[in-house]
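The structure under discussion appears below in the form of structure tokens.
Each chain gets a letter, A, B and so on, in the order the sequences are listed, and its residues count up from 1. As the structure is a prediction and not an experimental result, all values here were calculated from the model.
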Number of protein chains: 2
Amino acid sequence: MTKKNKLSSQVFLKLRRMVLDNELKVGSYYLEQELAEQLGASRTPLREAAIRLEQEGLLEIVPRRGIFIKPILAPEMSEIYQVLSWLETAAITIACQQPVKASKIAELEAVADNMIKALENNDLDTWAENDTRFHQILVGLSNNSELIRLVNSYWEKTNRARMLTLRIRNPPVRSSQEHSQVIEALKKGDVEAAVKINSQHRSRASGELTDLLEVLNP
Amino acid sequence: MTKKNKLSSQVFLKLRRMVLDNELKVGSYYLEQELAEQLGASRTPLREAAIRLEQEGLLEIVPRRGIFIKPILAPEMSEIYQVLSWLETAAITIACQQPVKASKIAELEAVADNMIKALENNDLDTWAENDTRFHQILVGLSNNSELIRLVNSYWEKTNRARMLTLRIRNPPVRSSQEHSQVIEALKKGDVEAAVKINSQHRSRASGELTDLLEVLNP
DNA sequence: TTAAGTGCTAATGTATACGTTATAAAATAC
DNA sequence: GTATTTTATAACGTATACATTAGCACTTAA
């Protein structure tokens with residue numbers, strides 16, 4: 001029952017996964033024909049998939065050269081982090097206009113706990129998964145579906161860089177502390193504190209990542 | 001010399017304009033063939049354009065029914081305004097981290113002036129044009145190109161509703177006052193005041209528009 | 001008259017064919 | 001040997017052809 005989807009959508013998902021997992025070399029060009037064959041489709045569905053990914057900013061369709069896998073440049077990533085940070089600030093502020101439900105606080109605490117344990121086990125993948133989950137729950141508190149969608153798309157953009165650098169950078173111990181602090185602030189309904197901590201969190205993460213990106217990219 | 005751009009891009013721009021200007025009836029379905037012929041292209045470029053517009057959320061490609069022009073529902077518009085408001089808040093705050101250049105202030109004042117004059121002449125189209133310009137300059141102050149792009153796309157989304165209601169709603173006199181107040185706050189570097197006024201501005205506009213949308217849509 | 005079944009139509013999704021044109025190699029001139 | 005022109009190739013953008021299938025109408029049975 002799952003294979004009933006359009007071929008172009010399957011290609012879209014596969015191709016995105018290939019880019020996000022760095023299976024396609026960043027900064028390289030791939031011909032439409034090649035990719036189409038590799039994914040078992042003709043040029044038409046591949047092209048439609050590529051157009052959607054181009055809109056998402058992952059690649060660029062360059063006439064006569066091929067499909068260009070866009071590198072993650074430090075200055076762009078810095079801008080994206082700035083936007084992400086503000087969107088989360090918005091979400092937190094909106095969320096705090098009403099007292100945050102205890103059940104949601106509990107969810108956040110559980111996830112934050114998972115992160116601490118994952119870190120103790122040196123399981124960075126699980127840590128990253130829960131990091132994503134934490135921010136999804138946090139932003140979900142806003143109940144603004146447009147905002148949630150938007151944050152998700154920005155999170156995915158930064159995810160590429162995070163995954164690329166996850167095993168290079170220092171263990172994210174401070175992140176865990178900051179998450180706990182955010183939860184505490186939410187419990188008290190202290191919007192300003194929650195926002196402040198989250199912004200600092202993002203700002204630091206942005207700095208660390210862009211520094212690494214500058215090293216990785218010529 | 002006419003632009004020798006790709007046909008699919010021309011179709012993309014034309015089709016988007018048609019949707020944003022409400023030339024295509026919101027809530028209706030249009031067949032690919034029809035639209036292609038109407039725009040002087042074959043189905044392929046039309047399809048590629050439609051895919052991009054679907055990603056932007058303006059329409060939906062529904063198998064065997066046609067291309068569905070998404071209606072502007074009041075609850076969604078309310079969410080979109082909330083996001084827009086926050087993005088502008090972000091832009092203003094970032095902009096104010098350094099003193100705003102006098103030349104930019106002058107630009108804003110000129111545009112605000114145009115708006116007042118247009119209103120005196122009952123020229124709502126010119127008023128709306130300058131309203132757009134005002135917010136473009138305002139957001140441009142942030143120097144964050146990602147943020148600028150994002151705000152533009154949200155502005156266009158709200159634009160659809162604004163244009164639909166421009167001649168129905170009361171003359172936007174208060175908007176002009178609010179714009180002047182924002183400029184004053186920027187001059188003084190009073191971030192908080194500028195943000196506060198702008199948020200109120202958006203909040204009021206959002207309320208007015210969503211009320212009208214509820215009346216317009218069954 | 002209504003409901004279920006069946007066949008037809010037409011719109012889509014995909015494949016493929018085709019013309020255009022950028023790019024690079026070959027050739028020629030200097 | 002270098003620079004400019006020519007030519008050939010090949011990748012793309014677009015058109016078109018084709019197979020699939022959803023939806024509707026028509027039929028038939030209760």
Side-chain angles (χ1 to χ4, degrees), chain A residues 1-19 22-71 218, chain B residues 1-19 22-71 218:
Chain A
M1 289 277 270
T2 47
K3 279 284 257 179
K4 203 66 192 146
N5 254 341
K6 286 185 291 188
L7 186 54
S8 68
S9 296
Q10 293 176 246
V11 170
F12 169 71
L13 292 174
K14 278 194 213 166
L15 196 57
R16 173 154 70 180
R17 175 52 61 91
M18 286 169 77
V19 176
N22 294 293
E23 275 179 51
L24 297 177
K25 235 177 76 185
V26 152
S28 307
Y29 293 87
Y30 295 87
L31 296 181
E32 295 182 1
Q33 194 71 259
E34 291 175 18
L35 288 177
E37 277 168 24
Q38 194 176 334
L39 291 165
S42 81
R43 272 180 60 218
T44 308
L46 176 106
R47 201 146 215 285
E48 300 194 344
I51 286 167
R52 288 165 69 183
L53 291 170
E54 185 175 38
Q55 286 289 107
E56 286 190 4
L58 286 187
L59 48 82
E60 214 163 311
I61 302 174
V62 185
R64 306 228 148 40
R65 300 216 43 194
I67 288 170
F68 177 69
I69 312 300
K70 278 212 208 167
Chain B
M1 185 152 146
T2 44
K3 267 276 197 169
K4 194 63 199 284
N5 247 344
K6 285 186 293 187
L7 188 53
S8 69
S9 296
Q10 294 177 340
V11 169
F12 169 70
L13 292 174
K14 277 194 213 167
L15 197 56
R16 173 154 69 181
R17 192 102 324 267
M18 284 169 78
V19 176
N22 294 292
E23 276 178 51
L24 296 178
K25 231 176 87 186
V26 151
S28 306
Y29 293 87
Y30 294 88
L31 296 181
E32 295 182 359
Q33 194 70 260
E34 291 175 19
L35 288 176
E37 278 169 22
Q38 194 177 336
L39 291 166
S42 82
R43 273 180 59 219
T44 308
L46 176 104
R47 201 145 217 287
E48 300 194 343
I51 287 168
R52 290 164 69 181
L53 291 171
E54 186 175 36
Q55 287 288 106
E56 287 191 2
L58 285 186
L59 49 83
E60 215 162 310
I61 302 175
V62 184
R64 301 216 154 46
R65 300 218 39 194
I67 288 170
F68 178 68
I69 313 299
K70 280 212 207 166

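- C:dA24 atom P lies 12 Å from atom CZ of A:R64, rounded to whole Å.
- For the pair A:E37 CD and C:dT16 C1', the interatomic distance rounds to 13 Å; values are reported in whole Å.
- At a non-hydrogen distance threshold of 4.0 Å, nothing from residues 50-57 of chain A comes into contact with DNA chain C.
- Residue pairs satisfying the ring pair (Phe, Tyr, Trp, His ring centres under 6.0 Å) criterion with at least one member in residues 36-62 of chain B, sequence neighbours excluded, are absent.
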Taking N or O atoms only and anything under 3.5 Å, show me the protein contacts with nucleotides 15-17 of chain D, one pair per line.
| from | atom 1 | to | atom 2 | distance (Å) |
| --- | --- | --- | --- | --- |
| D:dA15 | OP2 | B:S42 | N | 2.8 |
| D:dA15 | OP2 | B:S42 | OG | 2.5 |
| D:dA15 | O5' | B:S42 | OG | 3.4 |
| D:dA15 | N7 | B:T44 | OG1 | 2.8 |
| D:dT16 | O4 | B:T44 | OG1 | 3.3 |

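- A straight line from OH of B:Y29 to P of D:dA22 spans 16 Å, rounded to a whole angstrom.
- Qualifying salt bridge (charged side-chain N to carboxylate O under 4.0 Å, His left out) partners for B:E32, counting only residues two or more places apart in sequence or in other chains: B:R43, B:R47.
- As a whole-Å value, the separation of B:E32 CD from D:dT14 P is 16 Å.
- The interatomic distance linking B:L59 (CG) with C:dT12 (P) rounds to 13 Å, in whole Å.
- Applying the side chain to side chain contact (heavy atoms under 4.5 Å, CB included) rule to B:E37 yields the partners B:Q33; only residues at least two apart in sequence or on another chain are considered.
- B:Q10 has its CD atom 13 Å from the C1' atom of D:dT14, to the nearest Å.
- Closest approach to the B:K6 side chain among C:dT14, D:dA11, D:dT14 is made by D:dT14 (side chain taken as heavy atoms from C-beta onward).
- Position along DNA chain D of the nearest nucleotide to A:P63 versus B:P63 favours A:P63 as the more 5'-ward residue.
- Residues passing the salt bridge (charged side-chain N to carboxylate O under 4.0 Å, His left out) test with B:E56 are B:R16, sequence neighbours excluded.
- Between B:I69 and B:V19, the shortest heavy-atom contact is CG2-CG1, 4.0 Å.
- Checked against salt bridge (charged side-chain N to carboxylate O under 4.0 Å, His left out), A:R17 has the following partners two or more places apart in sequence or in another chain: A:D21.
- Remark: side-chain polar atoms of A:E54 are paired, donor with acceptor, to backbone N or O of A:I61 under 3.5 angstrom.
- With sequence neighbours left out, the side chain to side chain donor-acceptor pair (under 3.5 Å) criterion links A:E60 to no other residue.
- For B:R65, the side chain to side chain contact (heavy atoms under 4.5 Å, CB included) partners two or more places apart in sequence, or in a different chain, are B:Y29, B:V62.
- When each of A:R65 and B:V62 is assigned the nucleotide of DNA chain C bearing its nearest heavy atom, the one mapping closer to the 5' terminus is B:V62.
- Residue A:Y30 contributes atom OH, which lies 14 Å from atom P of D:dC12 at whole-angstrom precision.
- If you take CD of A:E48 and P of D:dC12, they are 16 Å apart, rounded to a whole angstrom.
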